[in-house]
Number of protein chains: 2
Amino acid sequence: MSQSLQLKNAGLKSTLPRLKILDLFGSGLECHLSADDIYRKLLESGVDVGIATVYRVLTQFEQAGLLVKRHFEGDKSVFELNQGKHHDHIVCLQCGKVEEFYDEIIETRQKTIAAERGFSVNDHTLSIYADCLKADCPNKRQGIV
Amino acid sequence: MSQSLQLKNAGLKSTLPRLKILDLFGSGLECHLSADDIYRKLLESGVDVGIATVYRVLTQFEQAGLLVKRHFEGDKSVFELNQGKHHDHIVCLQCGKVEEFYDEIIETRQKTIAAERGFSVNDHTLSIYADCLKADCPNKRQGIV
DNA sequence: GTTGAGAATGATAATGATTATCATTACCAA
DNA sequence: TTGGTAATGATAATCATTATCATTCTCAAC
Ligand SMILES: [Mn+2]
Ligand SMILES: [Mn+2]
Ligand SMILES: [Zn+2]
Ligand SMILES: [Zn+2]
């Protein structure tokens, strides 16, 4: 589906900042970007956008169900494409790379644990902070991408 | 162990703000307090402390291993006594109550998942946001305590 | 294609949590 | 008791995020 149609479906007018921000997330999954990441990337690519617009658009996209907001370690939140299905994250403490996973055993176990204690699960976040053992892991942190 | 001795062991001088803050956490477990919670409670109890001191002391206690910092939903972080052993949390979306749990199956599964993907787990956070089904759950949010 | 009402933008001020400064005060070893 | 030094607290500064508001842009109607 074209991006401008995506926006139309979400009840949002097709504007340059919105199209460019949608572009950044592209079709590439496992892409977790902060407002500042996006602001910086747009300026680099010659799109003269305001930081206020970035925050506004991200919030609108989140409310429209296009994006999902995440809170990893650190102070700033990141956004990713809404993949329609829940998943959890492994964050590399060396390079900041984020990998996604879904595990039925963990999911089921959480419901059981909550039920045993008199809770009905609404949502959850599981973030594993780990060291990447791969050879190509750049041994320095550089913002969660 | 007396509180002033606890402070001495941590290499910290025994001062009124430090003793009073340590007091607040007391022996009661499952006590998760934000800097502002603590600041407010101290003022209420007649201890005229500055908010800067609260933040400073919390950081010192965390570095000394007396407290652990947590990040639940929302903007402010909370602290709890360092119980020496890892645990995860269920947060009631109605009243904000926090319950703790530890599940060996989930812990083990995380290590397996990470290993399969070439990661060595360093740390993790699992927070379940749920609705408390108990009758005495006050149906309003009132800050995470 | 032109146009106008209303939405969107961006510069900037405001906010809320947290940290840094720095002059004053309190702790404690001698 | 006292002096050196660490701790405190009022306040300014910082950082991410949100609110304001005058200006610009979009798009449906003509
Ligand atoms: Mn993800
Ligand atoms: Mn806890
Ligand atoms: Zn999950
Ligand atoms: Zn755990």
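Predicted model only: the values in this text are computed from it and were never measured. Quick note on labels: first sequence line is chain A, next is B, and so on, each numbered from 1. Scope of the values below: all heavy atoms of this structure, side chains included, with no hydrogens, waters or symmetry mates.
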Answer with yes or no whether the side chains of A:His86 and A:Glu107 bring together a donor and an acceptor at under 3.5 Å.
->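 There is such a pair (donor and acceptor under 3.5 Å, judged by atom type) between the side chains of A:Glu107 and A:His86.
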Whole angstrom is fine here: how far is it from [atom1] in [X] over to [atom2] in [N]?
| X | N | atom1 | atom2 | value |
| --- | --- | --- | --- | --- |
| B:Asp37 | C:dT18 | CG | P | 10 Å |
| B:Leu58 | C:dT19 | CG | C1' | 13 Å |
| A:Leu42 | C:dT9 | CG | C1' | 14 Å |
| B:Asp36 | C:dT19 | CG | P | 14 Å |
| B:Ile38 | C:dA17 | CD1 | P | 14 Å |
| A:Leu22 | C:dA8 | CG | C1' | 16 Å |
| A:Arg40 | D:dC15 | CZ | P | 12 Å |
| B:Leu19 | C:dA26 | CG | P | 15 Å |

Does the side chain of A:Ser77 get closer than 4.0 angstrom to OP1 or OP2 of D:dT17 through an N or O atom?
->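 Indeed, a polar side-chain atom of A:Ser77 lies that close.
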side-chain N/O A:Tyr55 vs D:dT17 OP1/OP2, d < 4.0 Å =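 Result: yes.
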Only counting residues at least two apart or in another chain, list the ones meeting side-chain hydrogen bond (donor to acceptor under 3.5 Å, both in side chains) with A:Gln6.
->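 With sequence neighbours excluded, A:Gln6 shows a side-chain hydrogen bond (donor to acceptor under 3.5 Å, both in side chains) to no residue whatsoever.
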Side chains of A:Lys13 and A:Lys8 in contact at under 4.5 Å (non-hydrogen atoms) =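 Of all side-chain heavy-atom pairs linking A:Lys8 with A:Lys13, none is under 4.5 Å.
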Going by the side chain to side chain contact (heavy atoms under 4.5 Å, CB included) test, name the single residue among B:Leu16, B:Asp48, B:Ile21, B:Asp23 that passes it with B:Leu42.
->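 Single side chain to side chain contact (heavy atoms under 4.5 Å, CB included) partner of B:Leu42 among B:Leu16, B:Asp48, B:Ile21, B:Asp23: B:Ile21.
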In plain terms, say whether A:Glu99 and A:Lys97 are close enough for a salt bridge, that is, a side-chain N and a carboxylate O under 4.0 Å apart.
->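 Answer for the salt bridge query: yes.
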Can you name the residues that form a ring pair (Phe, Tyr, Trp, His ring centres under 6.0 Å) with B:His89, not counting sequence neighbours?
->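 Once residues adjacent in sequence are excluded, the partners of B:His89 under the ring pair (Phe, Tyr, Trp, His ring centres under 6.0 Å) criterion are B:His32, B:Phe72, B:His87.
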Quick one: what's the B/S/- string for nucleotides 3-9 of chain D, heavy-atom cutoff under 4.0 Å, read 5' to 3'?
-> ---SSBB
